[in-house]
Amino acid sequence: MDFFDWKIEMRESFKTYVDLENKRVAILTTEDDEIHMALEFDDNDHLVMHPRWNISITILGEKHLKITTNS
């Protein structure tokens with residue numbers, strides 16, 4: 001998934017909801033019953049991540065992330 005200048009790798013089973021106007025994305029389970037993570041840009045265009053307890057974030061490079069679950 002490309003989110004502005006960021007490349008985000010994740011399982012295809014994750015469901016994403018993108019709000020381009022407000023520069024936000026929510027990553028949910030396939031059934032929409034749990035939010036795994038929310039991403040948004042702050043006023044300075046820094047990426048802010050709000051992961052849940054079951055998420056691992058791996059930095060693969062500049063502006064390149066991999067998101068997986070711990071379970």
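Residue indices begin at 1 and follow the sequence shown.
Exactly one of Asp32, Thr29, Ile27 qualifies for a side-chain contact (heavy atoms from CB on, under 4.5 Å) with Lys15. That residue is Asp32. Considering Met37, Met10, Arg52, His36 as possible partners of Thr69, the one that fulfils the side-chain contact (heavy atoms from CB on, under 4.5 Å) test is His36.
A chain of hydrophobic side-chain contacts below 4.5 Å, direct or via other Ile, Leu, Val, Met, Phe, Trp or Tyr residues, connects Leu47 to Val18. Transitive grouping of hydrophobic side chains (ILVMFWY, heavy atoms separated by less than 4.5 Å) keeps Ile67 and Tyr17 in distinct clusters. Both Phe14 and Trp6 are part of a single hydrophobic cluster, where members link through side-chain heavy atoms under 4.5 Å apart. Ile55 and Met49 fall within the same hydrophobic cluster, defined by Ile, Leu, Val, Met, Phe, Trp and Tyr side-chain heavy atoms under 4.5 Å apart, directly or through other members.
With hydrogens and angles disregarded, a donor-acceptor distance shorter than 3.5 Å links the side chain of Asp42 to the backbone of Asn44. Side chain of Asn70 to backbone of Trp53: a donor-acceptor contact under 3.5 angstrom is found.
Around CD1 of Ile35, the count of heavy atoms belonging to other residues, nucleotides or ligands within 6.0 Å does not exceed 12. Within a 6.0 Å sphere centred on CD of Glu31, other residues, nucleotides and ligands contribute more than 12 heavy atoms.
Partners of Asp45 according to the salt bridge (charged side-chain N to carboxylate O under 4.0 Å, His left out) rule, which considers only residues two or more places apart in sequence or in another chain, are Lys23. For Phe4, the ring pair (Phe, Tyr, Trp, His ring centres under 6.0 Å) test picks out Phe41, with sequence neighbours left out. The salt bridge (charged side-chain N to carboxylate O under 4.0 Å, His left out) check on Glu40 picks up Arg24, with sequence neighbours excluded.
Between Ile8 and Thr16, the closest side-chain pair of non-hydrogen atoms is not below 4.5 Å. Leu65 places a side-chain heavy atom less than 4.5 Å from the side chain of Ile59. Between Met1 and Val25, the closest side-chain pair of non-hydrogen atoms falls below 4.5 Å.
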